[in-house]
Amino acid sequence: MRFTEELGSSHGRRLRRGVLDDGREVFAKSGDAASELFASEAAGLRWLGEAAAVPEVIEVRPDRLVLSWVRQERPEAAAAERFGRSLARLHRAGAPAFGAPWAGFIAELPMDNSPCDDWPAFYGERRVLPFLRLAGLPAADVALVERAVGRIREVAGPAEPVARIHGDLWSGNVLWAGGGGVLIDPAAHGGHRETDLAMLQLFGLPYLDRVMGAYREEWPLAEGWRERVPLHQLHPLLVHVVLYGAGYRESLMGAVRRVLAL
């Protein structure tokens with residue numbers, strides 16, 4: 001492989017564009033060989049790729065992940081609608097349990113993917129509380145987050161089948177290509193489909209209203225899903241506090257207060 005362009009770095013990983021001997025363009029990440037991160041990402045991409053558009057995994061090694069290059073397009077309303085329908089079909093593809101049979105990561109942070117049959121327990125114990133312990137929040141904030149965790153079962157809405165979710169679905173992890181959305185950088189696992197949708201709403205997406213409308217036509221959401229958005233944003237907001245500091249504290253605590261008010 002011949003590297004042609006340095007693309008900077010992300011979360012301690014070097015990013016490069018390259019060309020294989022057969023002329024195919026690729027995207028390569030390199031980093032710490034002691035981490036299971038690249039193996040986890042490759043497993044997640046292959047799993048999501050059974051039901052959605054993702055880059056091809058060309059090579060995975062402890063210190064490197066090589067993917068097919070995605071030629072991006074300008075987002076359009078029709079592409080957003082196709083993405084919404086495809087996201088619903090991805091979620092409907094399901095999973096054996098909440099969690100996954102590979103190590104979990106979000107950015108460079110490990111996550112517990114141990115399988116669980118109960119979403120409120122999985123979300124509270126494997127997603128929210130571990131990152132609360134890392135966030136360095138004041139004791140009063142910690143107590144409020146713990147109260148919100150204690151309400152998950154009460155406010156989670158109707159039981160849902162286990163969905164096949166991306167797990168870190170912010171706008172930067174949706175590339176517009178091929179007339180729709182291509183998913184990258186997953187934290188893939190069996191989860192609650194409203195989690196992916198709440199993440200899209202946290203940081204926005206072009207034509208998000210079209211995405212959501214097409215999604216709901218393909219697979220209607222349970223009543224009250226809008227009110228539950230803050231519940232599903234607790235985990236990503238805690239991750240941002242851990243990664244980027246107190247600048248995300250107010251957003252987190254605002255979501256906590258809305259959960260407690262449900």
Could you measure the distance from the [atom1] atom of [X] to the [atom2] atom of [Y]? Nearest 0.5 Å is fine.
| X | Y | atom1 | atom2 | answer |
| --- | --- | --- | --- | --- |
| Y123 | I152 | OH | CD1 | 6.5 Å |
| L238 | L252 | CG | CG | 4.5 Å |
| L237 | M199 | CG | CE | 8.5 Å |

Looking only at heavy atoms, which two atoms of [X] and [Y] are closest? And how far apart?
| X | Y | result |
| --- | --- | --- |
| P186 | L45 | CD-CD2, 3.7 Å |
| W47 | A188 | CE3-CB, 3.9 Å |
| H192 | F98 | N-CE2, 4.3 Å |
| A28 | V66 | CB-CG2, 4.2 Å |
| V149 | G124 | CG1-CA, 4.1 Å |
| A33 | D63 | CB-CB, 3.8 Å |

Quick check on the hydrophobic clustering: are [X] and [Y] connected, directly or via other members, by side-chain heavy-atom contacts under 4.5 Å?
| X | Y | value |
| --- | --- | --- |
| V26 | V19 | no |
| L197 | W225 | yes |
| L65 | L20 | no |
| F3 | W69 | no |

Using the six-membered ring wherever Trp is involved, compare the ring planes of Y248 and F203 and label them parallel, tilted or perpendicular (cut-offs 30° and 60°).
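Correct class here is perpendicular.
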For V182, what are the other residues in its hydrophobic cluster, where any two members join if their side-chain heavy atoms are less than 4.5 angstrom apart?
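V70, L175, I184, all in the cluster of V182.
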Test question: given the 4.5 Å side-chain rule for I, L, V, M, F, W and Y, name all other residues clustered with Y207, or answer none.
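When side chains under 4.5 Å apart are linked, Y207 ends up in no cluster with other residues.
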What pairs meet the ring pair (Phe, Tyr, Trp, His ring centres under 6.0 Å) rule with one or both residues in residues 138-162, with sequence neighbours excluded?
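Not a single pair qualifies under ring pair (Phe, Tyr, Trp, His ring centres under 6.0 Å).
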Note, [X] side chain near [Y] side chain (heavy atom, < 4.5 Å):
| X | Y | result |
| --- | --- | --- |
| L144 | L260 | yes |
| M111 | H235 | yes |
| P206 | W176 | yes |

If you look only at pairs with a residue in [range], which of them pass as a side chain to side chain donor-acceptor pair (under 3.5 Å), with sequence neighbours excluded?
| range | answer |
| --- | --- |
| residues 78-107 | E81-R210, H91-D196, H91-Y215 |
| residues 155-165 | E50-R164, E160-R193 |
| residues 253-262 | none |
| residues 137-148 | D141-R249 |

Listing request: all salt bridge (charged side-chain N to carboxylate O under 4.0 Å, His left out) pairs with a residue in residues 234-248, at least two apart in sequence or in separate chains.
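For residues 234-248, and leaving out neighbouring residues, there are no salt bridge (charged side-chain N to carboxylate O under 4.0 Å, His left out) pairs at all.
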Salt bridge (charged side-chain N to carboxylate O under 4.0 Å, His left out): which pairs involve residues 219-244, sequence neighbours left out?
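For residues 219-244: E194-R228.
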Identified side chain to side chain contact (heavy atoms under 4.5 Å, CB included) counterpart of T195 within the set L169, L231, V229, I165
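Output: one option passes, namely I165.
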Should E5 and R16 count as an ion pair when the cut-off is N to O under 4.0 Å?
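So E5 does not pair with R16 through a salt bridge.
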Are any of the side-chain nitrogens in R14 or E6 under 4.0 Å away from the carboxylate oxygens of its partner?
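The answer is yes: the pair qualifies as a salt bridge.
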Partner set under side chain to side chain contact (heavy atoms under 4.5 Å, CB included) for R13, not counting sequence neighbours:
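Once residues adjacent in sequence are excluded, the partners of R13 under the side chain to side chain contact (heavy atoms under 4.5 Å, CB included) criterion are H11, K29, L37, F38, E108.
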Is the count of non-hydrogen atoms from other residues, nucleotides or ligands lying under 6.0 Å from D117 atom CG greater than 12?
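No, CG of D117 has 12 or fewer neighbouring heavy atoms, counting only those of other groups under 6.0 Å.
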If you count every heavy atom of other residues, nucleotides or ligands that lies below 6.0 Å from Q201 atom CD, does the total exceed 12?
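Result for CD/Q201: enclosed.
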Applying side-chain contact (heavy atoms from CB on, under 4.5 Å), run through V211 and L205 and close with a yes or a no.
CA-CA 9 Å; V211 172; L205 185 78; 3.9 Å; yes
Intermediate values then yes/no, side-chain contact (heavy atoms from CB on, under 4.5 Å), L67 and I58
CA-CA 5 Å; L67 307 173; I58 293 171; over 6 Å; no
Do L200 and L87 pass the side-chain contact (heavy atoms from CB on, under 4.5 Å) test, and can you show the C-alpha distance, the side-chain angles, and the key distance before you say yes or no?
CA-CA 12 Å; L200 285 176; L87 184 61; 4.1 Å; yes
Sequence neighbours left out, cut at 3.5 Å: what donor-acceptor pairs do the side chains of residues 125-134 make with other protein atoms?
{"from": "R126", "atom 1": "NE", "to": "S114", "atom 2": "O", "distance (Å)": "2.9"}
{"from": "R127", "atom 1": "NH1", "to": "D112", "atom 2": "O", "distance (Å)": "2.8"}
{"from": "R127", "atom 1": "NH2", "to": "N113", "atom 2": "OD1", "distance (Å)": "2.6"}

Could you check whether any side-chain N or O of [X] sits under 3.5 Å from a backbone N or O of [Y], counting only pairs where one atom can act as donor and the other as acceptor?
| X | Y | answer |
| --- | --- | --- |
| E73 | G179 | yes |
| S30 | R64 | no |
| D168 | A107 | no |

Please identify each residue that fulfils ring-ring contact (aromatic ring centres under 6.0 Å, His included) with F105, with sequence neighbours left out.
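None.
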Just do the side-chain contact (heavy atoms from CB on, under 4.5 Å) check on L202 and H232 with the steps written out, would you?
CA-CA 10 Å; L202 184 58; H232 292 271; over 6 Å; no
Before we go on, tell me: are the rings of W119 and H189 under 6.0 Å apart, centre to centre?
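No - the distance between ring centres of W119 and H189 does not fall below the 6.0 Å cut-off.
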